Structure formats: structure tokens, C-alpha cells
2 protein chains.
Amino acid sequence: MSSEIDNSTQDTPEHLTLQEKVYQQLRLDIMLGNFEPGKAITIRGLAEELGTSPMPVREALRRLVAERALELLPNRRVTVPKMTAEKYRELADARVAMEALAARRAMAHITPDRLTDLRELDKEIDQAILRNDVETYLIKNMEFHFTLYQYGPSQIIMPLIESLWLQIGPFLKMAMRSKGLGTVEDQHQAAMKAIEDNDADSLSRAISLDILDGVNRLPDEEFDRIN
Amino acid sequence: MSSEIDNSTQDTPEHLTLQEKVYQQLRLDIMLGNFEPGKAITIRGLAEELGTSPMPVREALRRLVAERALELLPNRRVTVPKMTAEKYRELADARVAMEALAARRAMAHITPDRLTDLRELDKEIDQAILRNDVETYLIKNMEFHFTLYQYGPSQIIMPLIESLWLQIGPFLKMAMRSKGLGTVEDQHQAAMKAIEDNDADSLSRAISLDILDGVNRLPDEEFDRIN
DNA sequence: TAAATTTAGCTGTGATCACAAATTGAGACA
DNA sequence: TGTCTCAATTTGTGATCACAGCTAAATTTA
């Protein structure tokens with residue numbers, strides 16, 4: 001799952017705190033769906049696994065709870081939250097609202113170079129679809145979205161979107177497996193066309209459709225199967 | 001500022017952790033603007049002030065940092081973030097996006113009783129405006145918004161909106177003082193009319209205008225004065 | 001007097017310990 | 001075989017300590 005934390009100084013020239021490294025490691029594990037939802041995550045257990053004292057793990061876990069990537073149950077135990085159909089829909093709605101906004105803000109800052117980068121990413125996405133390579137598709141799709149949004153400098157909106165991805169991420173894999181990649185419509189093309197035309201409304205519509213297309217692949221019945 | 005934490009068992013029948021109480025207390029202090037932005041907040045200092053050990057304060061501070069109510073500077077010091085014109089605009093945009101969505105979701109769940117409650121709140125807001133009572137206006141206005149949104153049951157969106165209020169809250173007071181309450185347009189009336197008509201678009205437009213009207217009272221020049 | 005340097009104190013981070021509450025597993029009983 | 005009981009273990013929370021890095025005041029130097 002999550003291997004030993006490397007605390008050597010050379011690969012992290014600027015001194016990062018241990019809790020920061022643990023946080024990054026756990027964040028990745030959560031995103032990749034490496035924790036079974038509902039199963040308790042213990043401080044001492046992780047600490048031993050990562051080769052640290054319980055202290056940094058404690059702080060990292062609390063941070064992830066605050067960001068809603070993890071859940072603090074009434075029994076004071078920490079788990080990856082189970083997904084429900086309602087939560088899933090809500091996450092999708094929130095993503096549409098925030099990412100449409102982020103895309104709008106980004107558009108004014110897109111240069112030809114940056115558009116080329118987006119096209120390059122989109123090409124890789126198309127190839128992953130042809131290969132039916134879910135893993136790569138999800139990673140590159142995430143890259144596409146975040147690359148676009150990051151062009152609009154933001155201190156508030158980006159972290160918010162990251163938090164939403166952290167919550168929905170572990171379940172997107174299931175969504176894709178459920179229906180397969182064959183039927184994905186490439187809204188990214190429409191998005192880039194909108195950028196060329198400098199048409200903010202079309203861009204935000206394309207992003208919205210892209211999110212909903214991806215998200216709607218997981219039928220309601222699936223959620224009962226998870227719990 | 002923040003007085004002693006009451007750790008007696010009777011007023012909190014269900015056993016709350018110390019860090020939770022400290023968190024609630026600090027959250028309130030931040031919202032009320034009791035911390036000077038940019039001034040360092042120390043663990044031991046607060047611990048002594050609240051009559052606890054540093055431990056619960058440490059955890060509460062980190063939680064508030066994760067929620068972006070506080071900021072962790074590169075020097076590892078914690079402060080209330082200074083507001084900038086760009087951040088302020090971004091917070092306003094994010095609030096419009098999320099709260100318009102929350103209002104939409106809430107509308108389907110509004111009963112005549114609940115509409116009456118909203119009208120009651122709006123009346124109190126009007127009275128506060130007539131009295132030029134900024135403090136009450138802000139509190140009741142917040143109540144109005146959160147009461148409305150809470151009608152649409154939500155696990156994702158509400159906490160997100162709370163986080164945004166926590167960030168912009170300390171500066172709304174300034175915004176109101178800057179222009180005075182005299183010129184506020186009552187978008188709440190329009191909002192309730194939209195609810196009656198079951199018109200989601202009008203409701204979300206009214207909420208958006210309400211947010212922007214409140215937020216736009218703080219001219220850009222003010223931000224330099226703060227820092 | 002003003003700039004540079006030392007020094008003393010304070011700060012966040014991480015480790016360890018104590019403890020009450022919760023969980024688990026084995027054994028007793030039906 | 002299934003259910004209850006109770007002891008053993010594990011858990012999160014909070015307190016305390018050690019320590020390296022940073023701050024700011026005191027002292028020296030020009």
C-alpha cells in the first residue's frame with residue numbers, strides 16, 4: 001500500500017516536515033483507491049508501516065479529515081468515506097459549478113503555447129481510450145482539467161477543486177470500469193474549440209458536459225454493492 | 001479575545017474532545033475578526049489563554065489551516081491570512097457559484113412553514129438596516145443564507161460554503177462599514193418571490209446579486225490599507 | 001548614532017508516555 | 001451451533017519533553 005517514507009535530505013532539498021510527506025503519501029493512496037472504504041485507518045498502524053512515530057501520521061490524518069478526503073466516525077475512527085448515490089450526485093454538481101467557473105477564469109490567460117500543451121494532453125487521452133486503458137485515461141484526464149484551470153491564477157478555487165477530486169477520485173475508476181471507455185464523447189475537443197473562439201459560455205458548457213459524462217457512468221445500483 | 005475553555009461535563013452532555021471545543025472557539029474568534037491579519041498566532045500562547053495544554057490547540061490550528069481559515073506561512077507560523085483584492089474577488093466568484101447551486105437544490109424542499117421562517121429573518125434584516133446596525137445585519141444575513149441552503153440536504157456543498165464564509169467573513173464587516181447599510185438593495189425579497197413562483201433561475205440570480213451587492217462594497221483601495 | 005553581531009528566549013515539530021474508551025476474541029452458557 | 005460475558009488488547013486523546021531553527025533584544029563595533 002504505502003511504502004516507507006523516505007526521509008533522506010537529498011531528494012527533498014527544501015526541508016519538508018515529516019507530516020507533510022506523510023500527507024502527500026496518504027493523499028496519493030486515497031486517490032488511487034488503495035484504502036478500502038469503511039475500513040478503519042489507525043494512527044499507530046500507519047506509523048509503523050511508514051517507519052515514523054505516530055505524531056506526523058496523526059497530523060496528516062486530521063488534515064485529510066478536514067479536507068474531507070477522510071471521515072472521522074463518531075467512534076473517533078478514521079476511514080475513507082463510503083460513497084452514496086446522493087453524495088456522488090452532489091460532488092458532480094459541485095464539480096460542475098466550480099470547474100465551469102475555473103475554466104472561465106482560465107480562458108483569458110491561455111496562450112498559443114498553452115493551447116498546444118492541452119492538445120497534446122488530449123491526444124494522449126484519445127490514445128488511452130483506443131487502448132481501453134482506464135488507468136492512463138483517468139490520470140491524463142485529471143491532468144487536462146488541472147492544467148487548464150491552473151492557467152487562471154487562483155488561490156481559492158483551485159484548492160477547492162482539488163478537495164472535490166480527492167473525494168470523488170477513488171470512485172471514478174469504478175465509474176469507468178462500469179461502462180467502459182468505448183462510449184466516452186470527447187468534450188475536450190469542444191472545449192479547445194471554445195478557447196480558440198474565445199467563447200467562455202461554450203467552454204464552461206463543454207467542461208460541464210465532460211464532467212457529467214464521466215460521472216454519470218456509475219449507475220445508482222452500484223453504490224449498494226460497495227457497502 | 002478568547003476566554004477560558006469550559007471543560008465541565010454538564011453543558012456538553014455528549015463528550016466533546018478538547019480540540020473540538022478549541023476549534024469552535026477559534027472559529028468564532030476568526031469569524032468575528034478578533035485576530036489581526038498577519039499577526040502570528042502561537043500554540044503555547046493560545047494554550048495558556050484557553051487554559052489547556054498545547055496539544056488540543058495544535059490540532060485545532062492545523063484543522064483551521066486545512067480549512068483555509070488560517071494560513072501557514074513558510075516560516076511555519078500561523079496567521080489570519082491578509083486579504084487582497086484578487087482573493088476577495090475570487091472568494092466572491094466562488095460564493096456565487098456554490099451558493100447559487102445550493103439555493104437551487106434547496107428550493108425543492110421549501111415548505112410554507114419554512115418560507116415563513118425566511119420571511120421572519122428577512123424582516124429582522126430590514127430592521128437592522130433601518131437601525132444601521134451592521135453587526136446584527138451581518139449575523140442575520142448569514143442566518144438567512146444558511147437557513148435557506150440547509151433546506152436542501154447536502155453533505156458536500158454546505159461545508160464548502162461554510163469554508164468560504166470563514167475566509168471572507170472577517171472582511172465583510174469592513175465592506176459594510178465602508179459604504180454603510182443605507183444603500184443595500186433587498187435581494188432577499190426577490191429570492192422569496194422566486195421561491196413562491198418555483199422559479200429556480202430567478203432564485204439563483206437573486207442570491208448571486210445579493211452576494212455581489214454585499215461584496216462589491218469594499219473598493220480595491222481598501223486592501224492596501226489593511227496590510 | 002547607526003549598523004553588525006552575538007545571545008537569550010521562544011516557536012513548531014516530533015517522540016514518548018499515561019489513560020479512558022472502544023474493540024476484539026476466547027470462553028461460558030444456552 | 002449460536003449468544004452472551006468478560007478480560008486482554010488496541011485505539012484516539014491529551015500531556016510533557018527534547019531539540020533545531022527562528023526572532024528579537026542586547027551588546028559590540030565602526
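Bear in mind that the values here come from a model prediction, so they are computed numbers and not experimental data. Only heavy atoms go into these numbers, but all of them, side chains included; no hydrogens, no water, no symmetry mates. Order of the sequence lines sets the chain letters (A, B, ...), proteins ahead of strands, with each chain counted from 1.
Counting only distance, with no hydrogens or angles, the side chain of B:Arg105 and the backbone of B:Pro153 share a donor-acceptor pair below 3.5 Å. Judged purely by atom type and a 3.5 angstrom limit, B:Arg114 uses its side chain to pair as donor or acceptor with the backbone of B:His109.
A salt bridge links A:Glu59 and B:Arg58; the closest N-O separation between the charged side-chain nitrogens and carboxylate oxygens is under 4.0 Å. A salt bridge links A:Arg63 with A:Glu67: the closest approach of a Lys/Arg side-chain nitrogen to an acidic carboxylate oxygen falls below 4.0 angstrom. Note on B:Glu143 versus B:Lys140: salt bridge recorded, some NZ/NE/NH1/NH2 to OD/OE distance being below 4.0 Å.
Counted by atom type alone, A:Gln155 and B:Arg68 present zero donor-acceptor pairs between their side chains at under 3.5 Å.
Here the options are B:Glu99, B:Arg95, B:His188, the test is side-chain contact (heavy atoms from CB on, under 4.5 Å), and the partner is B:Ile207; only B:Glu99 passes.
For A:Tyr151, there are no ring pair (Phe, Tyr, Trp, His ring centres under 6.0 Å) partners, not counting sequence neighbours. Listed by chain and number, the residues in a side chain to side chain contact (heavy atoms under 4.5 Å, CB included) with A:Ala85 are A:Arg89, A:Asp220, A:Phe223 (sequence neighbours excluded).
Interface limits on DNA chain D: the 5'-most and 3'-most nucleotides within less than 4.0 Å of chain B heavy atoms are D:dT13 to D:dT23.
Every pair passing salt bridge (Lys or Arg N to Asp or Glu O under 4.0 Å) that includes a residue from residues 151-175 of chain B is listed here, sequence neighbours excluded: B:Arg27-B:Glu162, B:Glu135-B:Lys173.
A:Glu20 has its CD atom 10 Å from the P atom of C:dT13, to the nearest Å.
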N/O-N/O pairs, protein side and nucleotides 18-24 of chain C side, under 3.5 Å:
residue	atom	partner	partner atom	Å
C:dT23	OP1	A:Asn75	ND2	3.3

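Contact annotation for A:Ile41: backbone-only contact, meaning every heavy-atom pair under 4.0 Å involves sugar-phosphate atoms and none involves a base.
Using a 4.0 Å cut-off on heavy atoms, the residues of residues 57-68 of chain A that approach DNA chain D are A:Arg58, A:Arg62, listed by number.
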